[in-house]
Amino acid sequence: MPELPDVEGFREVLDSCGRGRRVRHVDVRDTGVLRGVGVRRLRREVEGRRLGRPHRHGKLLVAPVGDGPALVWHFGMTGELVPASAGDPLDRHDRVVLTLDGERQLRYRDQRKLQGVRLADGPGAVARMLEGLGPDALDIGRGEFLALLAGRRGAVKALLMDQSAIAGLGNLLCDEILWRARVAPGRPARDLGEAEARRMFTAMRRVLATSCRASRVPPRPGWLTGHRDDADPVCPRCGTPLRSRRVSGRRTVWCPACQH
DNA sequence: ATACCTCCCTGTGGGC
DNA sequence: TGCCCACAGGGAGGTA
């Protein structure tokens, strides 16, 4: 699930429910989601400290605890951050439960455990975790975006999906952006014309803005995302049957009539 | 630099 | 009904 808009929603959850509150207890219910940190060190570094202002870069969510370390979440395909009360029944996929002041809880819920939680010792460690990522998709300027496209000969969708080039876009967002900009996913990025490249940037901004408001890529009837799982999906713009194939290892859906 | 492959996990839905 | 496989909105690491 989680792409930039989803993680932005988790950041808001963390900010509104967690910021300024002390972590009373860390309950690791499944160590399979801990990355590079064990239960003991996690508890020692986090329990008793207050959550700071959370920060998101791409699909990573960084939550400072106290004045030193930070929790760093990556939600994989199925992760989410769920606000709860201590008395609420646990979900079978609640992997890590933070109990805060006032019986509040933040639960890291994740079915597949493809990614998980890391602990950064301090600001330097946070920076190292982020250093492989490109600029955040919400921050990148048009000039920088156009330069990115011009510098790649591979498929434009592969570029958008590459977190080291631009951080935050996932499979659904990429397909939606390409569909809105009327660009076929397999086109070599550097072959795009000026007008196409500008449409790509505009589409990215609009799709991100709307998706962030919904904290997800909304499966609206007028969006490609609203139809990709239909039995016989057709383009919501022109009615042409949609096509589907793998691009950069992911299912890619596009309209052969409006995307060139 | 880029395209492919496998692997990491769990759950679901379809075909047989 | 049961079994097996492919696939699912994540990424890393290795190979050509």
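Just so we're on the same page: letters track the sequence lines, and every chain starts at 1.
Within 4.0 Å of Arg190(A), counting heavy atoms only, lies no atom of the nucleic acid at all. Nucleic acid contact for Asp6(A): base, since at least one base atom lies under 4.0 Å from a heavy atom of the residue. Nucleic acid contact class of Arg35(A) (heavy atoms, under 4.0 Å, all strands): none.
In this structure, Arg251(A) places its CZ atom 14 Å from C1' of dT12(B), rounding to the nearest Å. Per the geometry, CG belonging to Asp110(A) stands 12 Å off C1' belonging to dC8(B), to the nearest Å. Atoms CZ (Arg245(A)) and C1' (dA6(C)) sit 19 Å apart, rounded to a whole Å. If you take CZ of Arg246(A) and C1' of dC5(B), they are 12 Å apart, rounded to a whole angstrom. The distance between atom CG of Leu4(A) and atom C1' of dG9(C), rounded to the nearest whole Å, is 13 Å. Regarding Gln111(A), its CD atom lies at a distance of 13 Å from the C1' atom of dG13(B), rounded to whole Å. The interatomic distance linking Trp223(A) (CH2) with dG9(C) (C1') rounds to 14 Å, in whole Å. Atom CG in Asp91(A) sits about 11 Å away from atom P in dG11(B), given to the nearest Å.
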* Asked: When you look at Asp121(A) and Arg41(A), which way does the salt bridge (charged side-chain N to carboxylate O under 4.0 Å, His left out) test go after all the steps?
  -> CA-CA 11 Å; Asp121(A) 291 333; Arg41(A) 187 164 72 96; 3.1 Å; yes
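As rounded to the nearest Å, dT6(B) and dC5(C) have P atoms that lie 15 Å from one another. When the P atom is compared between dG10(C) and dA1(B), the two are found 24 Å apart, to the nearest whole Å. Rounded to a whole angstrom, the distance from the P atom of dC7(C) to that of dC4(B) is 16 Å. Straight-line distance between the C1' atoms of dC3(C) and dC8(B): roughly 24 Å, to the nearest whole Å.
A salt bridge is defined here as a Lys NZ or Arg NE, NH1 or NH2 lying under 4.0 Å from an Asp or Glu carboxylate O, and Lys113(A) with Asp30(A) meets this definition.
The shortest distance between the side-chain N/O atoms of His93(A) and the OP1/OP2 oxygens of dG11(B) is below 4.0 Å.
Taking both residues in full, the closest heavy atoms of Leu14(A) and Ala63(A) are given as CD2-CB, 3.4 Å, listed atom of the first, atom of the second, then distance.
Within a 6.0 Å sphere centred on CZ of Arg56(A), heavy atoms belonging to other residues, nucleotides or ligands number more than 12. Taking a 6.0 Å sphere around CZ of Arg251(A), one finds it holds more than 12 heavy atoms contributed by other residues, nucleotides or ligands.
Side-chain polar atoms of Thr225(A) and Glu176(A) form a donor-acceptor pair below 3.5 angstrom. Side-chain contact check for Lys157(A) and Ser248(A): no donor-acceptor pair (N or O, by modelled atom type) lies under 3.5 Å.
Evaluated for a side-chain contact (heavy atoms from CB on, under 4.5 Å) with Met204(A), the options Leu208(A), Val207(A), Thr202(A) yield exactly one hit, Leu208(A).
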Please list, for nucleotides 10-12 of chain C, all pairs of protein and nucleotide N/O atoms separated by less than 3.5 Å.
unit_1, atom_1, unit_2, atom_2, d
dG10(C), OP1, Asn171(A), N, 2.9
dG10(C), O4', Gly76(A), O, 3.2
dG10(C), O4', Met77(A), N, 3.3
dG10(C), O3', Lys59(A), NZ, 3.1
dG10(C), N7, Arg250(A), NH1, 2.8
dG10(C), N7, Arg250(A), NH2, 3.2
dG11(C), OP1, Lys59(A), NZ, 3.1
dG11(C), OP2, Lys59(A), NZ, 3.3
dG11(C), O4', Gln115(A), NE2, 3.3
dG11(C), N7, Arg250(A), NH2, 2.6

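Side-chain heavy atoms closer than 4.5 Å link hydrophobic residues (I, L, V, M, F, W, Y) into clusters, and following such links, possibly through other members, connects Val13(A) to Leu71(A).
Shown for residues 148-158 of chain A: residues whose heavy atoms fall under 4.0 angstrom of DNA chain B, namely Arg152(A), Arg153(A), Gly154(A), Ala155(A).
The base-pairing partner of dG13(C), taking Watson-Crick or G-U wobble contacts with both distances under 3.5 Å, is dC5(B).
Between His57(A) and His55(A), the ring planes lie tilted relative to each other; the angle falls in the 30° to 60° range.
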